[in-house]
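What you see is a predicted model; the values in this text were computed from it and never measured. Quick note on labels: first sequence line is chain A, next is B, and so on, each numbered from 1.
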Amino acid sequence: MEETSEVIRKCHEKAKSMAADGLDLYPNDFKVEHTVADIREYLTENKKDIEDGGPVFILAGRVISIRRFGKAAFFHILDRTGKIQAYIQQNGVGKESYSLFKKIDRGDYVGLKGNLFQTKTGEWSLSAHEFSLVAKAIRPLPEKFHGLKDPEKRYRQRYLDLIMNRNVRDIFLKRGLIVQAFRNFLVERDYCEVETPMMQPIPGGAEAKPFKTYHNALGMELFLRIAPELYLKRLVIGGVDRVFEINRNFRNEGVSTQHNPEFTMLEFYQAYATYEDLMKLTEEMFVFVAKEVLGETTIVYQENEINLNPPWRRMTLYDALTTLGETPPEILDDKEKLTAFATEHSIPLRKSHSRGKILTKLFDVLVEPKLIQPTFITGYPTEISPLSRKSPSDPGLTDRFELFIAGREIANGFSELNDPVDQKERFLQQVADRDAGDEEAHYMDTEYIQALEYGMPPTAGEGVGIDRVVMLLTNAASIREVIFFPHLKTAQKR
RNA sequence: GGGCCGUUAACUCAGCUGGUAGAGUAUCUGCCUUUUAAGCAGAGAGUCGCGCGUUCGAGUCGCGCACGGCCCA
């Protein structure tokens with residue numbers, strides 16, 4: 001990148017002249033022995049007993065602020081665990097070392113050896129008696145007080161966002177903890193974590209448009225997966241009958257505050273369980289995760305307070321539509337009247353939409369935004385649930401639920417269809433839908449049918465949108481705030 | 001895909017009904033050994049996102065494009 005900026009040019013020149021003086025700007029021999037967290041821990045335990053500075057700490061980090069006073073200075077350094085103030089004076093480190101410090105800029109990595117003292121205002125700080133440059137920055141950090149705000153720069157240059165914005169760092173640290181908590185919860189219950197193909201010859205397991213790619217050596221088209229479902233169920237057939245995967249799915253659709261083309265999904269399957277069992281398990285799992293990460297089960301999300309304590313509300317799709325959605329009950333079975341009703345609410349429909357699809361479109365608009373507290377919606381029509389087991393009481397419905405929190409779909413689970421003959425018929429219907437113009441209809445997967453023919457135990461499975469859970473637990477309004485590098489268009493030169 | 005808003009110094013932002021660009025931070029120079037948005041004095045720094053148009057004159061008005069944000073589909 002061609003730089004015309006005077007400030008950056010001067011940074012480069014300064015570094016050049018330091019190197020010309022024989023200084024190694026990028027040494028590789030500083031041995032870190034402590035972190036800021038170590039110091040904080042030491043302080044909480046020994047604060048009162050520190051005499052003569054207490055023990056010596058050796059730490060390294062990025063300089064994020066400097067306040068100079070001629071022959072002394074205060075500065076803050078940031079490591080992976082947090083920041084701490086340090087103090088340096090010429091008398092303490094010697095003239096040579098101090099003249100090096102004079103050339104240090106915000107953004108540089110430095111190494112320090114020193115002990116603790118309390119400033120006039122009571123802030124525990126590290127008094128350096130040895131100081132060295134660990135890595136030189138030749139581009140200035142954003143402004144210290146206002147930080148980095150431009151959302152485009154925050155996403156494209158997330159490293160700056162992480163350096164400058166403490167809450168951003170916290171969100172992503174929490175994301176790690178959330179994923180770990182889900183994992184621990186399932187492993188504790190004897191689930192086996194697996195990885196299944198991201199590149200699939202037939203994109204299955206969900207209704208979505210896939211990304212296409214091409215394998216040169218095999219000479220074949222492949223699809224980035226839209227879901228791992230059909231592979232995980234193959235594993236259940238193979239006897240891995242408590243199984244889960246936490247990994248990326250890819251859907252070739254628009255981006256929004258709720259959608260990123262690649263997103264993280266937890267999918268898990270448990271043999272001999274039903275969708276009822278999974279609803280209960282889901283309640284326990286979310287309570288577990290919230291307690292692990294937040295220490296409580298009441299969360300504040302945007303303008304709402306959400307209570308995760310079970311039992312959660314349960315409601316059928318039809319009841320939700322007629323009560324919360326104010327849909328006349330008598331039109332639910334009449335596709336034409338439903339279409340008219342949808343049109344009244346300016347919900348665009350395609351001819352290829354089945355009655356069930358129209359119901360869900362209505363639900364999305366009329367009901368979903370109202371489901372703030374955790375709610376399981378059940379009783380989804382069979383025609384829109386091609387991988388779900390039919391309800392024993394009503395073959396037009398399936399043993400399926402979706403979980404909604406804060407007006408958003410968070411999870412989708414069902415008792416799995418394990419009858420290969422029924423499954424084949426469902427796929428055939430999907431193929432017909434596709435031929436009729438439904439681009440999101442499932443593909444026929446004969447190899448999956450073959451697998452089912454070997455016998456799958458009765459099983460229930462579920463998918464949880466991890467990004468959305470992270471949004472909930474970190475109070476993030478946009479999915480871009482919980483994904484390090486959300487997809488943006490390639491920037492043209494500006 | 002549509003609507004609204006944004007893009008000005010490295011960063012955060014001003015810039016009115018059109019008259020060739022400003023602040024703070026950062027940078028550079030000098031002073032300063034307990035500051036924490038340190039302070040004081042001085043200096044340098046801009047293709048006003050890109051293009052076309054209107055005008056004697058455009059950061060400002062019009063049109064188009066790019067990128068981003070929010071809302072809608």
Side-chain angles (χ1 to χ4, degrees), chain A residues 1-15 17-18 53 63-78 83-95 97-99 101-108 114 116-129 137-161 163-165 253-260 302 342-343 345-350 353 361 364-365 369 407 476-481 485-494:
Chain A
M1 204 192 290
E2 194 76 23
E3 277 306 338
T4 50
S5 153
E6 188 220 22
V7 177
I8 292 164
R9 218 167 46 234
K10 281 192 173 164
C11 278
H12 281 69
E13 280 163 16
K14 182 178 183 179
S17 94
M18 287 169 80
V63 175
I64 53 168
S65 64
I66 309 178
R67 293 165 294 284
R68 300 179 189 275
F69 306 85
K71 296 184 181 63
F74 284 97
F75 55 105
H76 274 93
I77 68 169
L78 177 71
K83 66 177 180 179
I84 189 167
Q85 179 168 264
Y87 181 61
I88 188 171
Q89 47 184 338
Q90 188 168 286
N91 289 349
V93 294
K95 212 162 185 178
S97 198
Y98 194 77
S99 76
F101 179 79
K102 283 183 172 171
K103 293 176 183 158
I104 292 298
D105 295 300
R106 279 177 76 231
D108 292 351
L116 295 164
F117 76 108
Q118 222 171 349
T119 66
K120 272 183 181 170
T121 55
E123 180 172 355
W124 284 98
S125 305
L126 193 76
S127 176
H129 32 85
I138 54 173
R139 197 175 269 271
L141 286 178
E143 198 235 4
K144 61 188 172 191
F145 186 60
H146 298 93
L148 182 67
K149 286 187 169 173
D150 179 354
E152 186 173 353
K153 278 207 175 65
R154 287 185 48 232
Y155 300 151
R156 288 194 201 277
Q157 295 177 270
R158 184 68 92 178
Y159 47 92
L160 290 179
D161 198 22
I163 295 164
M164 299 307 300
N165 297 319
E253 292 158 8
V255 299
S256 77
T257 53
Q258 311 300 318
H259 300 88
N260 195 58
Q302 307 293 302
T343 310
H345 288 84
S346 42
I347 298 166
L349 297 175
R350 294 202 210 102
H353 284 156
K361 291 269 174 194
D364 289 349
V365 173
S478 167
I479 197 169
R480 296 183 199 100
E481 297 298 334
F485 301 102
H487 281 283
L488 302 178
K489 284 198 185 180
T490 308
Q492 306 295 310
K493 61 172 183 177
R494 295 181 64 182

Colleague: Using side-chain contact (heavy atoms from CB on, under 4.5 Å) as the criterion, list what pairs up with A/Ser97, not counting sequence neighbours.
Modeller: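 For A/Ser97 the side-chain contact (heavy atoms from CB on, under 4.5 Å) partners, ignoring immediate neighbours, are A/Val93, A/Phe131.
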Colleague: Distance check needed: B/U12 C1' versus A/Asp150 CG, whole Å only.
Modeller: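 Those two atoms, CG and C1', are 10 Å apart.
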Colleague: Mind checking side-chain contact (heavy atoms from CB on, under 4.5 Å) for A/Ser99 and listing every partner two or more places apart, or none if nothing turns up?
Modeller: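 side-chain contact (heavy atoms from CB on, under 4.5 Å) list for A/Ser99, sorted by chain: empty.
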Colleague: Between A/Glu152 and A/Lys489, is the closest basic N to carboxylate O distance under 4.0 Å?
Modeller: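 Result for this pair is no, no salt bridge flagged.
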Colleague: State whether A/Thr257 places a side-chain N or O below 4.0 Å from either non-bridging phosphate oxygen (OP1 or OP2) of B/C71.
Modeller: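 Looking at the OP1 and OP2 atoms of B/C71, one of them is under 4.0 Å from a side-chain N or O of A/Thr257.
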Colleague: Quick test: give all pairs of protein nitrogen or oxygen and nucleotides 41-45 of chain B nitrogen or oxygen below 3.5 Å, distance rounded to 0.1 Å.
Modeller:
| residue | atom | partner | partner atom | Å |
| --- | --- | --- | --- | --- |
| B/G44 | O2' | A/Glu6 | OE2 | 3.0 |
| B/G44 | N2 | A/Glu6 | OE1 | 2.9 |
| B/A45 | O4' | A/Glu6 | OE1 | 3.3 |

Colleague: Report yes if at least one side-chain N or O of A/Arg67 is closer than 4.0 Å to OP1 or OP2 of B/U33; otherwise report no.
Modeller: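 For B/U33, OP1/OP2 do not have a side-chain N/O of A/Arg67 under 4.0 Å.
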Colleague: Who pairs with A/Lys10 by salt bridge (charged side-chain N to carboxylate O under 4.0 Å, His left out), at least two apart in sequence or on another chain?
Modeller: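 Here the qualifying residues are A/Glu6.
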Colleague: Would you say a side-chain N or O of A/Arg480 is under 4.0 Å from OP1 or OP2 of B/G69?
Modeller: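 Result: yes.
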Colleague: Quick one: A/Gln258 CD to B/A73 C1', roughly how many Å, whole number?
Modeller: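 About 15 Å, once rounded to whole Å.
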Colleague: How many Å lie between CZ on A/Arg154 and P on B/C67, as a whole number?
Modeller: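 Answer to the nearest Å: 20 Å.
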Colleague: Output all residues satisfying side-chain contact (heavy atoms from CB on, under 4.5 Å) with A/Ala137, sequence neighbours left out; order by chain, then residue number.
Modeller: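 Counting only residues at least two positions away or on another chain, A/Ala137 forms a side-chain contact (heavy atoms from CB on, under 4.5 Å) with A/Asp108.
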Colleague: Applying a 4.0 Å non-hydrogen cut-off, can you work out what A/Leu488 is touching in the nucleic acid: base, sugar-phosphate, or nothing?
Modeller: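 Result for A/Leu488 = sugar-phosphate.
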Colleague: Considering every strand shown, what is the Watson-Crick or G-U wobble mate of B/G22 when both distances are under 3.5 Å?
Modeller: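 Result: B/C13.
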Colleague: Answer with base, sugar-phosphate or nothing: what part of the nucleic acid does A/Gly147 contact at a heavy-atom distance below 4.0 Å?
Modeller: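 Answer is sugar-phosphate: A/Gly147 comes under 4.0 Å of backbone atoms only.
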Colleague: Quick one: list whatever passes salt bridge (charged side-chain N to carboxylate O under 4.0 Å, His left out) with A/Arg158, sequence neighbours left out.
Modeller: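 For A/Arg158 the salt bridge (charged side-chain N to carboxylate O under 4.0 Å, His left out) partners, ignoring immediate neighbours, are A/Asp161.
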Colleague: Would you indicate what A/Ser478 reaches in the nucleic acid, counting non-hydrogen atoms under 4.0 angstrom: base, sugar-phosphate, or nothing?
Modeller: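 It contacts sugar-phosphate atoms only.
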Colleague: Is there a donor-acceptor contact under 3.5 Å linking the side chains of A/Tyr87 and A/Gln85?
Modeller: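 Their side chains do not contain a donor-acceptor pair, so the 3.5 Å distance test is not met.
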Colleague: I'd like to check the salt bridge (charged side-chain N to carboxylate O under 4.0 Å, His left out) partners of A/Lys149; sequence neighbours left out, ordered by chain and number.
Modeller: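 Not a single residue meets the salt bridge (charged side-chain N to carboxylate O under 4.0 Å, His left out) criterion with A/Lys149.
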Colleague: Is the aromatic ring centre of A/Phe74 closer than 5.5 Å to the centre of the six-membered base ring of B/U35, with the two planes inclined by less than 30°?
Modeller: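 Ring-base stacking flag set for A/Phe74 and B/U35.
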Colleague: Find every protein N or O atom lying less than 3.5 Å from an N or O atom of nucleotides 21-25 of chain B, and list the pairs.
Modeller:
| residue | atom | partner | partner atom | Å |
| --- | --- | --- | --- | --- |
| B/U25 | O3' | A/Lys144 | NZ | 3.3 |

Colleague: So what does A/Glu123 hit on the nucleic acid, given a heavy-atom distance under 4.0 Å: a base, only sugar-phosphate, or nothing?
Modeller: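 Counting heavy atoms under 4.0 Å across all strands, the contact made by A/Glu123 includes a base.
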Colleague: What pairs with A/Gln258 under side-chain contact (heavy atoms from CB on, under 4.5 Å), at least two apart in sequence or on another chain?
Modeller: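 side-chain contact (heavy atoms from CB on, under 4.5 Å) check on A/Gln258 returns A/Ser256, A/Arg408, A/Arg468, A/Met471.
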Colleague: Now, which nucleotide makes the Watson-Crick or G-U wobble pair with B/G30, with each of the two distances under 3.5 Å?
Modeller: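 With both distances under 3.5 Å, B/G30 matches B/C40.
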Colleague: Nearest whole angstrom, please: distance from the P of B/U34 to the CD1 of A/Ile88.
Modeller: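 Taking CD1 of A/Ile88 and P of B/U34, I get 15 Å after rounding.
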Colleague: Base, sugar-phosphate or nothing for A/Tyr155? Non-hydrogen atoms, less than 4.0 Å.
Modeller: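 A/Tyr155: backbone/sugar contact only, no base atoms under 4.0 Å.
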